Amino acid sequence: MAATLVVQTEPIARWAEEKFRIPIHILPNPVNRPRAEVGRHSGKRVIAVGRLARQKGFDLLIDSFAKIAARHPDWTLEIYGEGSERPALEAQVERLGLVEQIRLLGVCKNIGNVYADAGLFVLPSRFEGYPNALVEALAAGCPVIASNCPGASEQILEGGRYGMLVESENVDALAVALDEMLSSETLRAKFASQGTKAVAALETPIVGSQWLDLLMSVAGKASDKGQR
């Protein structure tokens, strides 16, 4: 019964085109760029943001960080979010003896400041849809590492141009990427400066205009149909 279906990525659009006989449109999620906060990133903190669920791969990130933590004793890992995996993740951190370097900080009401101050953002997911946390980190000018998992991460980062991509569910590969990023302020600055370009077309006025154009088009077609 729908006049059209809106999805966020090309792979989902291809799936939808095979399943539904209606027009498919691709519109990404919008993001607000916190211009005043872009570019600080002075804290030696690796951050991750999302539900504490297996999908998000925070257990993989913790294991990866543990492999390089001794080489970077002045860096911490902070995970923001809540979910059913909290007890398991807390036990994992304690088992690794890293309670001083890895913290689960729950829900943050001002995540924009967290992105702006962090030295690195990591998205270690096993699979994603359209990862808003990744887009928010890029908008804040935060350098990023993301797993090349099913979903839109590779598309958003343009295959590694705007952030470092690593093989999904590969703890060793993620540890290598972490070590490389934490060891090089120049590399972090490079990705930070490039990352905002990845989301330039996702600013709310731009995406909002695309939605208005689509809605007006659909409404116009409905009106024409009703007059026949």
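The shown structure was predicted, so the numbers you read here are calculated from the model rather than taken from an experiment.
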Q: How many angstroms lie between atom OG1 of Thr196 and atom CG of Leu138, to the nearest 0.5 angstrom?
A: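 Output value for this atom pair is 8.5 Å.
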Q: Show your working on side chain to side chain contact (heavy atoms under 4.5 Å, CB included) between Ile22 and Thr4 and close with a plain yes or no.
A: CA-CA 6 Å; Ile22 59 174; Thr4 188; 5.8 Å; no
Q: Is there a donor-acceptor pair under 3.5 Å between the side chain of Ser193 and the backbone N or O of Lys190?
A: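 At least one qualifying donor-acceptor pair exists.
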Q: How about Glu128 and Tyr130: does a side-chain donor come under 3.5 Å of a side-chain acceptor?
A: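 Judged by distance alone, the side chains do not pair up.
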Q: I'd like to know if Tyr80 and Val144 are part of one continuous hydrophobic network [Ile/Leu/Val/Met/Phe/Trp/Tyr, side-chain heavy atoms within less than 4.5 Å].
A: yes
Q: Indicate whether any N or O donor in one side chain lies under 3.5 Å from an N or O acceptor in the other, for Ser168 and Asn148.
A: no
Q: State the CG-CD1 distance between Leu104 and Ile79, to the nearest 0.5 angstrom.
A: 4.5 Å
Q: For the residue pair Arg188 and Met181, what are the closest heavy atoms and their distance?
A: NH1-O, 2.9 Å
Q: Evaluate whether atom CD of Glu158 has more than 12 neighbouring non-hydrogen atoms of other residues, nucleotides or ligands under 6.0 angstrom away.
A: yes
Q: Are Ile206 and Met216 connected, step by step, through hydrophobic side chains (Ile, Leu, Val, Met, Phe, Trp, Tyr) whose heavy atoms are closer than 4.5 Å?
A: no
Q: If only atom types and distance count, is the side chain of Ser153 paired as donor or acceptor with the main-chain N or O of Ala146 below 3.5 Å?
A: no
Q: For the side chain of Ser183 and the backbone of Asp179, is there at least one donor-acceptor N/O pair under 3.5 Å apart?
A: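 Indeed, once roles are kept as given, a pair shorter than 3.5 Å links the two residues.
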Q: Taking all heavy atoms of Lys67 and all of Val171, pick out the closest pair and write down the distance.
A: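 Nearest pair, atom of Lys67 first, then Val171: CE-CG1, 3.6 Å.
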Q: Are Asp63 and Arg95 close enough for a salt bridge, meaning some N to O gap below 4.0 Å?
A: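 No, Asp63 and Arg95 are not salt-bridged.
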Q: Using 0.5 Å steps for rounding, measure from the CD1 atom of Ile47 to the CG atom of Leu61.
A: 11.0 Å
Q: Between Phe121 and Ala48, which heavy-atom pair has the shortest distance, and what is it?
A: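 Closest pair (atom of Phe121, atom of Ala48, distance): CE1-CA, 4.3 Å.
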Q: With heavy-atom distances below 4.5 Å as the criterion, would you say the side chains of Val199 and Glu203 are in contact?
A: no
Q: Specify the closest pair of heavy atoms between Pro131 and Ala152, including all atoms of both residues, with the distance to one decimal.
A: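 Closest approach of Pro131 to Ala152: CD-CB, 4.1 Å.
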Q: To the nearest 0.5 angstrom, please state how far the CG atom of Leu134 sits from the OG atom of Ser125.
A: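 Answer for the CG-OG pair, Leu134 versus Ser125, is 9.0 Å.
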Q: With a 4.5 Å limit on heavy-atom distance, are the side chains of Val218 and Leu215 in contact?
A: no
Q: With a 4.5 Å heavy-atom cut-off, do Met164 and Glu180 have their side chains touching?
A: yes
Q: Can we say Glu85 and Lys56 salt-bridge, meaning some charged N sits less than 4.0 Å from an Asp/Glu carboxylate O?
A: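 Lys56 and Glu85: not salt-bridged.
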Q: For the hydrophobic clusters of this structure (ILVMFWY residues joined by side-chain heavy atoms under 4.5 Å, transitively), does one cluster hold both Ile26 and Leu5?
A: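 Cluster IDs for Ile26 and Leu5 match.
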Q: Please tell me if the side chains of Leu174 and Ser147 come closer than 4.5 Å, counting only heavy atoms from C-beta onward.
A: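 Of all side-chain heavy-atom pairs linking Ser147 with Leu174, none is under 4.5 Å.
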Q: On a heavy-atom basis, which atom in Pro28 and which in Leu202 lie closest, and how many Å separate them?
A: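 Between these two residues, the closest heavy atoms are CG-CD2, 3.3 Å.
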Q: Salt bridge or not between Arg54 and Asp59? Use side-chain N to carboxylate O under 4.0 Å.
A: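 Salt bridge: no.
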Q: At what distance, to the nearest 0.5 angstrom, does CZ of Arg45 lie from CD of Gln101?
A: 14.0 Å
Q: Is it true that Trp15 and Phe127 fall in one hydrophobic cluster, defined by side-chain heavy atoms closer than 4.5 Å?
A: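 In one cluster with Trp15: Phe127, no.
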Q: What about Leu157 and Ile145, same hydrophobic cluster or not, with Ile/Leu/Val/Met/Phe/Trp/Tyr joined at side-chain heavy-atom distances under 4.5 Å?
A: no
Q: Taking C-beta and beyond as the side chain, do Leu120 and Leu182 meet within less than 4.5 Å on heavy atoms?
A: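 Yes, close enough: below the 4.5 Å cut-off.
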Q: Identify the two heavy atoms, one from Ala177 and one from Val166, that lie closest to each other, and give their separation to 0.1 Å.
A: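 Answer, listing the atom of Ala177 first, then Val166: CB-CG1, 3.5 Å.
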Q: Find the distance between CZ (Phe65) and OG1 (Thr76) and round it off to the nearest 0.5 Å.
A: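 Separation between the atoms: 6.5 Å.
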Q: Under a 4.5 Å cut-off applied to non-hydrogen side-chain atoms, are Pro11 and Gln155 in contact?
A: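 Side-chain contact under 4.5 Å: yes.
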Q: In sequence, state the C-alpha distance, the side-chain angles, and the governing distance for Val122 and Leu178, and then conclude on side chain to side chain contact (heavy atoms under 4.5 Å, CB included).
A: CA-CA 9 Å; Val122 182; Leu178 283 168; 3.9 Å; yes
Q: In terms of side-chain geometry, is the basic nitrogen of Arg86 or Glu82 positioned less than 4.0 Å from the acidic oxygen of its partner?
A: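 Yes, Arg86 and Glu82 are salt-bridged.
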Q: With distance as the sole test, does Ser64 use its side chain to make a donor-acceptor pair with the main-chain N or O of Leu60 at under 3.5 Å?
A: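 Such a contact is found between Ser64 side chain and Leu60 backbone.
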